[in-house]
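The figures here come from the full heavy-atom set of this structure, side chains too, leaving out hydrogens, waters and symmetry mates. All values reported here derive from a predicted model rather than from experimental measurement.
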Number of protein chains: 2
Amino acid sequence: MTETSFNPSSLSTGAATGYGEPVTDCATCVVRNRAICASLDAEELALLGRLGRRQRVKAGHTLLWEGDDALVVANVLEGVLKLVVASADGREQIVGVVFPSDFIGRPFGKESPYSVTAMTDAEVCIFNRKSFDDFASAHPDLQHKLLRRTLDELDRARHWMMLLGRKSAEEKVASFLLEMSERLSGQGCNSGARSGFELPFGRQQIADILGLTIETTSRQLTRMRAEGLLDLPSRREIVINDRAAMEALAG
Amino acid sequence: MTETSFNPSSLSTGAATGYGEPVTDCATCVVRNRAICASLDAEELALLGRLGRRQRVKAGHTLLWEGDDALVVANVLEGVLKLVVASADGREQIVGVVFPSDFIGRPFGKESPYSVTAMTDAEVCIFNRKSFDDFASAHPDLQHKLLRRTLDELDRARHWMMLLGRKSAEEKVASFLLEMSERLSGQGCNSGARSGFELPFGRQQIADILGLTIETTSRQLTRMRAEGLLDLPSRREIVINDRAAMEALAG
DNA sequence: CCGGAACATTGACCTGAATCAACAAAAAAT
DNA sequence: ATTTTTTGTTGATTCAGGTCAATGTTCCGG
């Protein structure tokens with residue numbers, strides 16, 4: 001089994017107030033200006049920082065299980081994580097992919113509606129959900145940021161519903177590559193929507209995002225390469241040669 | 001063409017400040033305690049009321065077009081509306097269905113990411129988006145309600161993504177019927193999750209919700225009737241005979 | 001009550017993607 | 001360096017659901 005349970009205590013540094021390392025300085029945080037924390041002033045930030053813990057999560061480890069009590073929320077500092085809904089018989093659908101500065105978890109909820117699993121080694125800034133809820137309730141600006149983010153996520157999810165329900169395998173793969181090229185360039189250090197990028201996940205996970213099988217996904221990519229649309233320099237690297245054609249295929 | 005543009009001026013009552021009828025008394029509003037307005041006290045309610053207009057929308061008419069500037073947001077007072085994402089070649093995916101007391105629109109956004117069309121004759125309490133944004137920004141409780149609602153919608157959307165990406169036609173139809181039986185009983189005057197209910201939409205629309213064709217949808221329903229799982233007393237009525245079996249089919 | 005339009009069902013057939021299976025290549029472990 | 005494991009590709013075949021076409025049913029206006 002590749003995906004194992006996340007065990008807080010195994011990573012504890014012995015801090016009295018919880019697991020993970022205490023947050024030392026939010027002001028110098030890598031995502032200070034991009035995460036929801038951007039809505040806070042120095043004083044509030046210090047207050048929130050006291051509630052948070054920095055936490056490393058290894059690739060394949062699960063931070064939150066679907067159906068379990070959602071005890072924590074978090075900001076992503078580094079790495080990529082997936083949100084997964086599974087059926088009783090093991091089929092999986094990835095319903096979201098989160099990048100650095102994105103927010104994870106279900107505030108004001110009881111149980112997590114999906115699992116959150118690291119796709120790469122990751123680092124998150126984790127909060128006890130209840131304390132976070134209280135803090136958020138007392139800080140309208142933070143709630144406003146959270147609302148905007150949630151609205152954006154909802155738009156993205158609905159757009160993805162169109163892809164899942166109505167697009168062909170070819171359209172799905174083309175749409176996926178274009179979206180990933182955009183999202184990865186947003187955080188990666190390189191310039192705008194570049195044509196070459198490294199996916200943080202393998203074929204099976206692409207299939208789980210697109211509602212396809214691994215075979216169909218692989219065949220589509222191979223075919224696109226054969227047609228000169230893209231190059232596949234290595235397993236996880238994609239170079240889009242003809243962006244316009246790709247956009248046409250995406251529908 | 002069944003679905004026609006919604007023309008505000010054609011329904012104007014001549015109120016100087018906008019289209020639709022001015023709101024007279026929020027305190028007696030049918031959704032007073034269920035809509036986001038429930039977060040407001042009498043004074044705030046009066047203030048918000050002044051910004052709103054009651055607006056009837058006939059079945060098939062579109063309130064908001066995908067890609068257009070999202071000039072308004074609204075509360076649903078009566079009727080059922082659909083949120084639709086369409087592709088260039090006309091394929092449609094329904095990405096949301098809204099009932100009385102639900103909120104419509106995209107606050108803090110520019111263009112609407114989907115069309116909003118009435119599936120039945122409907123009545124909404126409509127606001128200019130900008131004024132609503134301002135009002136919301138000044139009223140944290142309202143924003144909190146909106147955040148909770150948006151989080152719930154996001155959960156629902158993600159759950160639906162699993163259905164669209166990974167379920168068979170049979171599982172889709174079974175899941176749909178169960179969810180509708182729940183949601184319709186929530187607002188309908190009858191008791192808990194009853195087994196008989198009237199859908200507010202036809203076969204094509206069910207297909208557009210499930211990412212299927214109308215033929216497949218129809219065949220699944222016919223087969224379920226043949227197997228005694230349900231009755232179809234009329235076009236839009238559904239009676240679930242064996243709820244447990246239906247849940248088993250839903251996966 | 002009749003006629004037409006919109007909506008729904010049913011059948012025959014086809015096809016895109018799933019499934020089953022073998023193999024190849026890369027990565028990890030020894 | 002070599003074995004083992006994991007991941008990805010390719011081919012043959014099947015089948016669920018789409019497409020095309022005909023027919024049946026309900027609804028609505030006159």
#### Entry: Rounded distance (Å) that lies between atom P of dG8(D) and atom CG of Leu221(A)
11 Å
### Message
dA18(C), OP1 or OP2 - any side-chain N/O from Thr213(A) closer than 4.0 Å?
### Response
yes
### Query
What integer distance in Å separates Met119(B):CE from dC7(C):C1'?
14 Å
### Task
Rounded to the nearest angstrom, tell me the gap between atom CD in Glu215(B) and atom P in dC7(C).
15 Å
### Task
Name the closest nucleotide to the Gln220(B) side chain, picking from dG17(D), dT9(D), dA21(D).
dG17(D)
## Note on the structure
Atom CG of Asp89(B) and atom P of dT19(D) are separated, to the nearest Å, by 11 Å
### Query
Is a donor-acceptor pair below 3.5 Å formed from side chain Gln205(B) to base dC7(C), judging by atom type as modelled?
no
### Task
Check the distance between dT7(D)'s P and Ile206(A)'s CD1 and give it to me in whole angstrom.
13 Å
### Message
Using OP1 and OP2 only, check whether a side-chain N or O of Ser218(A) sits under 4.0 Å from dT9(D).
### Response
yes
### Task
Provide the closest heavy-atom pair for Gly79(B) versus Thr120(B) in the form atom of the first, atom of the second, distance.
CA-OG1, 3.3 Å
### Task
Scan Leu212(A) against the nucleic acid and name what it touches under 4.0 Å (heavy atoms): base, sugar-phosphate only, or nothing.
sugar-phosphate
### Query
Counting only N and O atoms by type, is there a donor-acceptor contact under 3.5 Å from the side chain of Ser175(B) to the main-chain atoms of Glu171(B)?
yes
### Message
Below 4.0 angstrom, which residues in residues 158-174 of chain B have at least one non-hydrogen atom near DNA chain C?
### Response
none
### Message
Looking at Gln93(B), is its backbone amide N or carbonyl O close enough to the side chain of Arg166(A) to form a donor-acceptor pair, meaning the two atoms are under 3.5 Å apart?
### Response
no
### Task
Mind calculating the distance between CD1 (Ile214(A)) and P (dA21(C)) to the nearest angstrom?
17 Å
### Query
Is any NZ, NE, NH1 or NH2 atom of the basic residue among Glu153(A) and Arg158(B) found under 4.0 Å from an Asp or Glu carboxylate oxygen of the other?
yes
### Message
In this structure, how many angstroms lie between the P atom of dA8(C) and the CZ atom of Arg236(B), rounded?
### Response
7 Å
### Task
Would you kindly check whether a donor in the side chain of Arg219(A) faces an acceptor in the base of dT19(C), or vice versa, at under 3.5 angstrom?
yes
### Task
Would you mind checking if Asp69(B) and Arg106(B) are paired as a salt bridge, meaning a charged N to carboxylate O distance below 4.0 Å?
no
### Query
Closer than 4.0 Å, any side-chain N/O of Thr216(B) to the OP1 or OP2 of dA16(D)?
no
### Summary
Correct closest heavy-atom pair for Leu230(A) and Leu177(A) would be CD2-CD1, 3.5 Å
### Task
Can you tell me the distance, in whole Å, between the CG atom of Asp208(B) and the P atom of dC7(C)?
12 Å
### Task
Ignoring the backbone of Arg235(A), work out which of dA8(C), dA26(C), dT10(C) is nearest its side chain.
dA26(C)
### Any donor-acceptor N/O pair, Asn241(B) side chain to Gly228(B) backbone, under 3.5 Å
yes
### Query
Between dT10(D), dG18(D), dT9(D), which nucleotide has the shortest distance from any of its atoms to the side chain of Arg203(A)?
dT9(D)
